[in-house]
Amino acid sequence: MATSLRYCFFSNGGDLGDWSDEEFCTKGHYAIGFNMKTEGHHDTDNTELNAIEVICGSRGSERCGDTASSGQHDWGDWTGEALCPENTFMTSFSLQVHKYNNEIRDNTGANHVKFKCRNFKDSMRNFDLSYPPGYGTHGSYSESSETCPVNSAICGIKTKIQSYQGDEGDDTTLNDVKFFCCE
């Protein structure tokens with residue numbers, strides 16, 4: 001479990017699914033980067049973004065070998081890492097979501113996520129962080145979340161995952177995410 005003081009930021013995510021268990025970096029570690037599990041476009045039921053994994057590091061932004069993730073499905077592949085510039089940490093995010101529409105046959109839920117990084121003690125300079133190309137196939141980005149207060153950074157994650165809908169159902173998988181900030 002992370003430090004006792006936590007802040008939680010919400011996104012513009014979809015309504016489908018159930019909240020998975022939250023997971024945190026070990027105490028004293030914060031998000032220095034992330035991986036995404038995405039399913040590439042194909043002719044049948046597309047799900048796009050299926051999982052987000054936070055890469056944790058120390059206050060000196062050195063990797064600690066620790067990660068935090070929440071629920072996911074088997075579909076898709078991990079993209080590879082996107083890391084904040086040295087000595088910066090993830091402090092806010094924006095989620096690209098394809099809002100559910102029962103008029104179409106293939107809804108995808110969340111498609112991509114991007115972050116802002118900054119120094120732990122500095123609220124002035126932010127750096128954009130996304131995995132190329134920086135957007136998914138469907139949907140639009142929310143406004144950026146509130147930023148973690150000075151002397152804190154993202155340290156945990158909780159995702160809303162739709163369960164498998166069967167052979168005839170429309171799977172969306174990851175629909176929403178909450179990130180937690182720790183001092």
Side-chain angles (χ1 to χ4, degrees), residues 1-2 6-25 30-31 33-41 45-56 67-79 81-82 84 89-117 128-131 133-149 152-166 169-182:
M1 178 61 98
R6 296 183 305 204
Y7 304 91
C8 181
F9 299 121
F10 299 91
S11 75
N12 71 333
D15 296 327
L16 301 176
D18 297 305
W19 288 104
S20 301
D21 291 336
E22 56 196 35
E23 190 169 310
F24 291 88
C25 296
Y30 309 90
F34 72 101
N35 286 320
M36 296 184 306
K37 188 176 187 184
T38 60
E39 179 185 45
H41 183 77
D45 191 14
N46 292 284
T47 59
E48 297 294 327
L49 182 58
N50 287 299
I52 302 167
E53 178 183 65
V54 171
I55 300 165
C56 305
T67 60
S69 63
S70 192
Q72 65 175 287
H73 273 292
D74 293 334
W75 305 304
D77 297 303
W78 291 99
T79 57
E81 300 175 348
C84 292
F89 304 89
M90 296 182 342
T91 56
S92 69
F93 75 100
S94 181
L95 188 66
Q96 182 185 355
V97 177
H98 180 215
K99 292 288 187 185
Y100 185 80
N101 178 347
N102 60 9
E103 306 270 325
I104 64 174
R105 293 183 44 197
D106 191 10
N107 291 279
T108 59
N111 276 231
H112 215 276
V113 64
K114 60 184 177 181
F115 295 88
K116 291 205 180 280
C117 303
D128 291 331
L129 177 65
S130 66
Y131 189 84
Y135 53 87
T137 307
H138 304 286
S140 58
Y141 271 107
S142 63
E143 294 293 320
S144 287
S145 69
E146 291 181 47
T147 302
C148 295
S152 69
I154 291 175
C155 62
I157 182 173
K158 182 175 187 163
T159 54
K160 191 177 205 181
I161 303 290
Q162 181 191 39
S163 62
Y164 175 59
Q165 299 299 294
D170 180 13
D171 294 299
T172 60
T173 309
L174 196 149
N175 278 270
D176 202 354
V177 62
K178 297 178 184 180
F179 288 99
F180 299 88
C181 297
C182 297

Show your working on side-chain contact (heavy atoms from CB on, under 4.5 Å) between Ile154 and Cys148 and close with a plain yes or no. CA-CA 7 Å; Ile154 291 175; Cys148 295; 3.9 Å; yes
Step by step, would you call Cys25 with Cys56 a disulfide bond (SG atoms under 2.5 Å apart)? CA-CA 6 Å; Cys25 296; Cys56 305; 2.0 Å; yes
Carefully, step by step, assess Ser144 and Ser94 under the rule side chain to side chain donor-acceptor pair (under 3.5 Å). CA-CA 5 Å; Ser144 287; Ser94 181; 5.0 Å; no
The test is side-chain contact (heavy atoms from CB on, under 4.5 Å); show your working for Asn50 and Leu174 and say whether it passes. CA-CA 5 Å; Asn50 287 299; Leu174 196 149; 5.7 Å; no
Test side-chain contact (heavy atoms from CB on, under 4.5 Å) applied to Thr147 and Lys116, step by step: CA-CA 8 Å; Thr147 302; Lys116 291 205 180 280; over 6 Å; no
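With hydrogens and angles disregarded, a donor-acceptor distance shorter than 3.5 Å links the side chain of Ser70 to the backbone of Asp21. Side-chain N or O atoms of Thr67 include none that pairs as donor or acceptor with a backbone N or O of Glu53 at under 3.5 Å.
In this pair, Phe115 and Phe179 present their aromatic rings perpendicular. The plane angle is above 60°, beyond the 30 to 60° band. Using a 30° and 60° split on the angle between ring planes, Tyr30 and Phe89 fall in the perpendicular class, above 60°.
The closest side-chain donor-acceptor pair between Ser92 and Ser145, if any, does not fall under 3.5 angstrom. His112 and Tyr141 share a side-chain donor-acceptor pair at under 3.5 Å.
A heavy-atom distance below 4.5 Å is not found between the side chains of Asp128 and Lys114. Side-chain contact between Asn35 and Tyr131 is absent, with no heavy-atom pair separated by less than 4.5 Å.
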